[in-house]
Amino acid sequence: SAVISQKPSRDICQRGTSLTIQCQVDSQVTMMFWYRQQPGQSLTLIATANQGSEATYESGFVIDKFPISRPNLTFSTLTVSNMSPEDSSIYLCSVAYGIEAFFGQGTRLTVV
Amino acid sequence: DQQVKQNSPSLSVQEGRISILNCDYTNSMFDYFLWYKKYPAEGPTFLISISSIKDKNEDGRFTVFLNKSAKHLSLHIVPSQPGDSAVYFCAASALAGNMLTFGGGTRLMVKP
C-alpha cells in the first residue's frame, strides 16, 4: 500500500481566487491521478500526472482551469483556478501499485 | 454514458447478515475491478480487487465475484458489522495501474 498525504484537508475560498492542493507519496510512483467528487456524485478523473511531462486531462477538464505540477516521483500539485461555487467538491489524489490504487484523504473545497 | 453502474443507491442490512453490493459495466475493455469503502470525511479505502482472469477473490469477510459474460460483479460482506456502514464504490480499469472509472456508489447501512 501507499501513504498519501494531501494538504489542505479542507478550505473555504472566495470566488475568483485559486487554491493549490499538494499531494505527497511515501514512495516513488510513475503516475499520479487527480479525481474530483462533486456533492452527491461519484469520483471523476480530472487528469493523469506523469513526472517530466505535461499532465493528460480528461474530457471536460482543461489545463488553464486545473494546472498540475509533477516536479518529482513523489509529489504533485493541483491548482483550482478562478474558482466559482461550482468548483465546490472533494479533490483527491491517487497512486496505483499493480492492480490496486490508493487515495489521499481528500481536500474538501467550498467556494463562497 | 455511464460505463460503470451501481443501480442500488442504498442498502440496509441487519448486523450479522450478508451484504451484497452489485455493479455492472459496459466497457468490454475493462480487465481490473476494485471495490472501495468511503466515509464522508475521508478518501476512499481500498477493499478488494479482481482481474478478469478470475471469477472470485476472497479476503476475510469480503468476497468479490466477477461474471465477465454478464459484465457484472458483486461484493459480498459476511457477516456484516455496523462499522461497515459507509458508501461503497466499484471501479474498473482497462490497464493495471491506470485510471479508474467509478460507479455511482451504494450507501450501506448495517443496523445493530
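Reminder, nothing fancy here: chain letters follow the sequence lines and each chain counts from 1.
Of all non-hydrogen atoms in A:Ile90 and B:Lys38, the two that sit nearest each other are CD1-NZ, 4.0 Å. The two residues A:Ser42 and B:Gly104 make their nearest non-hydrogen contact at CB-CA, 3.8 Å. A:Leu43 and B:Pro44 get closest at one heavy-atom pair: CD2-CG, 3.8 Å.
Tracing side-chain contacts under 4.5 Å through hydrophobic residues (I, L, V, M, F, W, Y), one reaches A:Tyr57 starting from A:Val80; they form part of the same cluster. Both B:Phe62 and B:Leu21 sit in one connected hydrophobic cluster of ILVMFWY residues. Membership requires side-chain heavy atoms under 4.5 Å apart, directly or through other members. A:Ile12 and A:Met83 are members of different hydrophobic clusters when ILVMFWY side chains are connected at heavy-atom separations under 4.5 Å. Note: the hydrophobic cluster containing B:Ile50 does not contain B:Leu100 (ILVMFWY, side chain heavy atoms under 4.5 Å, direct or indirect links). Under the 4.5 Å side-chain heavy-atom criterion for Ile, Leu, Val, Met, Phe, Trp and Tyr, A:Ile46 and A:Ile21 are members of the same hydrophobic cluster.
In this structure, the portion of A:Leu45 lying under 4.5 Å from any heavy atom of chain B is its side chain and not its backbone. At a 4.5 Å heavy-atom cutoff, the contact between B:Leu34 and chain A is made by side-chain atoms alone. Using a 4.5 Å cut-off between heavy atoms, A:Tyr35 contacts chain B through its side chain alone, with no backbone atom that close. Neither the backbone nor the side chain of B:Asp31 comes within contact range of chain A, judged by heavy atoms closer than 4.5 Å. Using a 4.5 Å cut-off between heavy atoms, A:Ile99 touches chain B through backbone and side chain atoms alike. With a 4.5 angstrom heavy-atom cutoff, A:Ile4 does not touch chain B via any of its atoms.
Interface check for chain B: of the options A:Ala101, A:Gly106, A:Gly104, the most heavy-atom pairs under 4.5 Å are formed by A:Ala101. If you tally non-hydrogen atom pairs under 4.5 Å between each of A:Gln41, A:Arg108, A:Gln37 and chain B, the highest count goes to A:Gln37.
The shortest side-chain heavy-atom distance between B:Asn98 and A:Phe33 falls under the 4.5 Å cut-off.
With rounding to the nearest 0.5 angstrom, the OG1 atom of B:Thr45 is 11.0 Å from the CD atom of A:Gln105. Taking OG1 of A:Thr56 as the start and CE of B:Met99 as the end, the distance is 11.0 Å to the nearest 0.5 Å. Taking OH from B:Tyr36 and OG from A:Ser94, the interatomic distance works out to 6.0 Å, rounded to the nearest 0.5 Å.
Annotation: A:Glu58, atom CD; neighbour count of heavy atoms from other residues, nucleotides and ligands within 6.0 Å is above 12.
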